[in-house]
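Chain letters run A, B, ... following the sequence lines, proteins first and then strands; every chain starts at 1. These values consider heavy atoms only, across backbone and side chains, with no hydrogens, waters or symmetry-generated copies.
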There are 2 protein chains.
Amino acid sequence: MAPRKKTPAAPSSGTPVSMADLARELGVSMTTISRALSNHYSIGPEMKAKVQKLAKKYNYQPNRLASALRKGKSKLLGIIVPYIEGRFFPSVVHGIETAATKAGYNVIICQSHEDAAQERRNIEALLSAQVAGIMVSLSRTTTSYRHFEEVQNRGLPLVFFDRSMEGEDVNAVVLDDQEGALIATRHLVAQGCRRIAHLAGPQHLTIYKNRYRGYLEGLREAGLPVDEELIVFTDMTQLEGAGAMRNWLALPNPPDAVCSAGDYCALGALQEARRQGVPVPDGVAITGFSNEAFTVISEPSITTIDQRCEEMGQATVRLLLELIESHGTAFAPRQIVLRPELLMRSSSVREAKPAAPAGKRAAKTAAR
Amino acid sequence: MAPRKKTPAAPSSGTPVSMADLARELGVSMTTISRALSNHYSIGPEMKAKVQKLAKKYNYQPNRLASALRKGKSKLLGIIVPYIEGRFFPSVVHGIETAATKAGYNVIICQSHEDAAQERRNIEALLSAQVAGIMVSLSRTTTSYRHFEEVQNRGLPLVFFDRSMEGEDVNAVVLDDQEGALIATRHLVAQGCRRIAHLAGPQHLTIYKNRYRGYLEGLREAGLPVDEELIVFTDMTQLEGAGAMRNWLALPNPPDAVCSAGDYCALGALQEARRQGVPVPDGVAITGFSNEAFTVISEPSITTIDQRCEEMGQATVRLLLELIESHGTAFAPRQIVLRPELLMRSSSVREAKPAAPAGKRAAKTAAR
DNA sequence: TTGTATGCGTTATCAT
DNA sequence: ATGATAACGCATACAA
């Protein structure tokens, strides 16, 4: 008659297949199934084959929730970024996602929207989701770090990237921003520029502070004087870049180069220079910072500093996985510093360069 | 002597606090804790207060894995996108993430890297993670849809966005691409253009097919002839845009406008026109599609079609949550179509327009 | 209003 | 080489 109960769950049954189903079907215990699927040595090859075949037939998907609950460890990683727009964070996240997937992890992304309170809620959500580790790029408004201590106390691996807590007792992957501004400044010096201005960012953010330092170091290295007039602090907007350039061009002795701590600001400066009929780079050379997409599109294209977004993401995952896998055997926190890369483009490369100022570079050691 | 066992777990104990811990501490049952925390009506207000206070004190975070396992439903949503770079997908994901967070869900992001096999693995990973629903934008190379049927069979809510399966039996949120190209073409007509070229994309992709249709509809509407010479099929790269423009400008009767199905391609065309000394928009007017970031930065800025990225993300989540919450009571699949928006910028807006071709628009009904 | 007991799907321990 | 059983943390049917 009508078959009842014996009918195996059809692949289209609606309810996911569990190990118990497979065990019943094969007339073995769940233990055997579990071991066969995780390739345990104690299971015979023919049994393994049978189990795997059946699993494929029913399209068995392990319930990772149950697995994680039992093992106390999930295959999820948490990411908190200030926002996910523009070029930088999507690229880093891309790098993270790629590396994480390769290692068998999935990734939960949260945005803090530059809000410390939201960041705190993100942490709680990730703790609740039982992630195996957390990667954070700090929100601008974060001043208390208690929510991160809670993470540490739980023994949950935590790695900062790009925007990190100060100090040596955290794991972090950051760009050497100072080096970035330094090589940009050096490049401008090599182009023969002698009055190099700086568009600086908000100094309470480490990255901008470091870029400012790199600029100063570059001047010192070349034996150039620091002129307060040529340093403007901005919020790194295109508009402010244009405004600063306008003022500079009105000076009796305007700059012959601008080293900007950000691309948008550099773009504004560039556009203003052209509006005023000052040629770029021959009248004023310009460098940006971040390698935003538009820097190859603007005319002229803008020399800038690449922040190694993909590498940053990958390095962050590598460090996090090390922490996860070395469970318990805590090792000393590490800071990984990535070398920025100078992308020379039209906005700063001059055809005719003056003779290299011999001896200037040699003065570096003495100057420090 | 030394206190043993009675010592409450310090907030920095290392192991997360569970309901059992709270129950022990208060001398009540886990049931009471569970109910108090989920605000069950049967628990007295003073008890609730006590429990909540203790939970706060110990920084209790519910284990969502356990909860989801027990309830059979998690608070996770899965997203699969082809990639997470450029402007479009990050923006949509941003919209999704915002809406999902507001509704108390977290989001797992997977990239298919335009690879159907990877997309299939993504689906499996999300099934394994017991997500409550899945949002997909199809990879270019996806031709079989069996992995999605598996999702449907499990009764798991599934919503496509932007790149959807054909047909009416799927839930999807898409942009009206045809309308987008149509309003772009209309705009060019209104600027007095009469020989309007089209940079078309790969026609096996619905979005490009629809944009092509919109362009044709626009011509028909204005009573303009279709000239095969003025239609070029490309992969939408900047380079191809430049190449197409070069060929067009070499024609005895070159176009006076270009309606491109993508911004990069439009940019290439624009740059080539300027290289050849043809003024934009007065020599040739140009429109793009996608509102890429660089369209406001190029000179002149590029008229383009905004794809309502944020709205698309939000609409996708809304639809998905409806499906999730109407658990079981399946309703008919819905397609939500978003209206694109024309962003008029310098590359197409002419100072002096010829007299509007009276009657042309009225001919629309007759022409179809 | 509160408590007891059970199970979600998996894995680890201990036995055979 | 395989099986029985307990436990992970939570939610709920049922009892009191």
Note to self: Whether the A:Asn122 and A:Gln118 side chains hold a donor-acceptor pair (N or O, under 3.5 Å, no angle test) is what I'd like checked.
What the structure shows: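 Looking only at side-chain atoms, A:Gln118 and A:Asn122 do form a donor-acceptor pair, the distance falling under 3.5 Å.
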
Item checked: Test item: side-chain donor near acceptor, A:Thr31 and A:Ser34, under 3.5 Å ->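 No.
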
Check: Where the side chain of B:Thr142 meets the backbone of B:Ala116, is there a donor-acceptor pair that is under 3.5 Å apart?
Finding: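 Here the side-chain-to-backbone pair does not exist.
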
[X] [atom1] to [N] [atom2], straight-line distance once rounded to whole Å:
| X | N | atom1 | atom2 | value |
| --- | --- | --- | --- | --- |
| B:Leu69 | D:dC8 | CG | C1' | 9 Å |
| B:Leu65 | D:dC8 | CG | C1' | 10 Å |
| B:Arg64 | C:dC8 | CZ | C1' | 18 Å |
| A:Lys50 | D:dA1 | NZ | P | 15 Å |
| A:Gln130 | D:dC8 | CD | P | 14 Å |
| A:Asp21 | C:dC8 | CG | C1' | 13 Å |
| B:His40 | D:dT12 | NE2 | C1' | 9 Å |
| B:Asn63 | D:dA11 | CG | C1' | 13 Å |

Taking only N/O atoms, report every protein-nucleotides 3-6 of chain D pair under 3.5 Å with atom names and distance.
from, atom 1, to, atom 2, distance (Å)
D:dG3, OP2, A:Ser29, N, 3.0
D:dG3, OP2, A:Ser29, OG, 3.1
D:dG3, OP2, A:Thr32, OG1, 2.2
D:dG3, O6, A:Arg35, NH1, 3.3
D:dG3, O6, A:Arg35, NH2, 2.9
D:dA4, N7, A:Thr31, OG1, 3.3
D:dA4, N6, A:Thr31, OG1, 2.9

Carboxylate-amine/guanidinium proximity below 4.0 Å for [X] and [Y]:
| X | Y | answer |
| --- | --- | --- |
| A:Arg318 | A:Glu322 | no |
| B:Arg163 | B:Glu114 | yes |
| B:Glu97 | B:Lys102 | no |

Note to self: Quick check on the helix from C:dT1-D:dA16 to C:dT16-D:dA1: what's the angle between its two end axes, five base pairs per end, to the nearest 10°?
What the structure shows: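 End-to-end axis angle: 40°.
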
Counting only side-chain nitrogens and oxygens, does [X] get under 4.0 Å of the OP1 or OP2 atom of [N]?
| X | N | value |
| --- | --- | --- |
| A:Ser34 | C:dT11 | yes |
| A:Tyr60 | C:dT10 | yes |
| A:Ser18 | C:dG9 | no |

Item checked: Taking every non-hydrogen atom, the tightest pair across B:Leu138 and B:Phe160 ->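 Taking every non-hydrogen atom into account, CD2-CE2, 3.8 Å.
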
Checklist line | Full working for salt bridge (charged side-chain N to carboxylate O under 4.0 Å, His left out) between A:Glu150 and A:Arg146 | finding: CA-CA 6 Å; A:Glu150 167 70 15; A:Arg146 221 172 308 154; over 6 Å; no

Item checked: From C:dT10, C:dT2, C:dG9, nucleotide with atom closest to B:Ser42 side chain ->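 Selected nucleotide (nearest to the side chain): C:dT2.
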
Next item on the list: Would you indicate what B:Gly44 reaches in the nucleic acid, counting non-hydrogen atoms under 4.0 angstrom: base, sugar-phosphate, or nothing?
Entry: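 If one applies the 4.0 Å heavy-atom cut-off, B:Gly44 turns out to touch the sugar-phosphate alone, with no base involved.
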
Check: Start at the 5' end of DNA chain C and walk down; is the nucleotide closest to B:Lys71 or to B:Ile43 reached first?
Finding: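 With B:Lys71 and B:Ile43 compared, the 5'-side residue is B:Ile43.
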
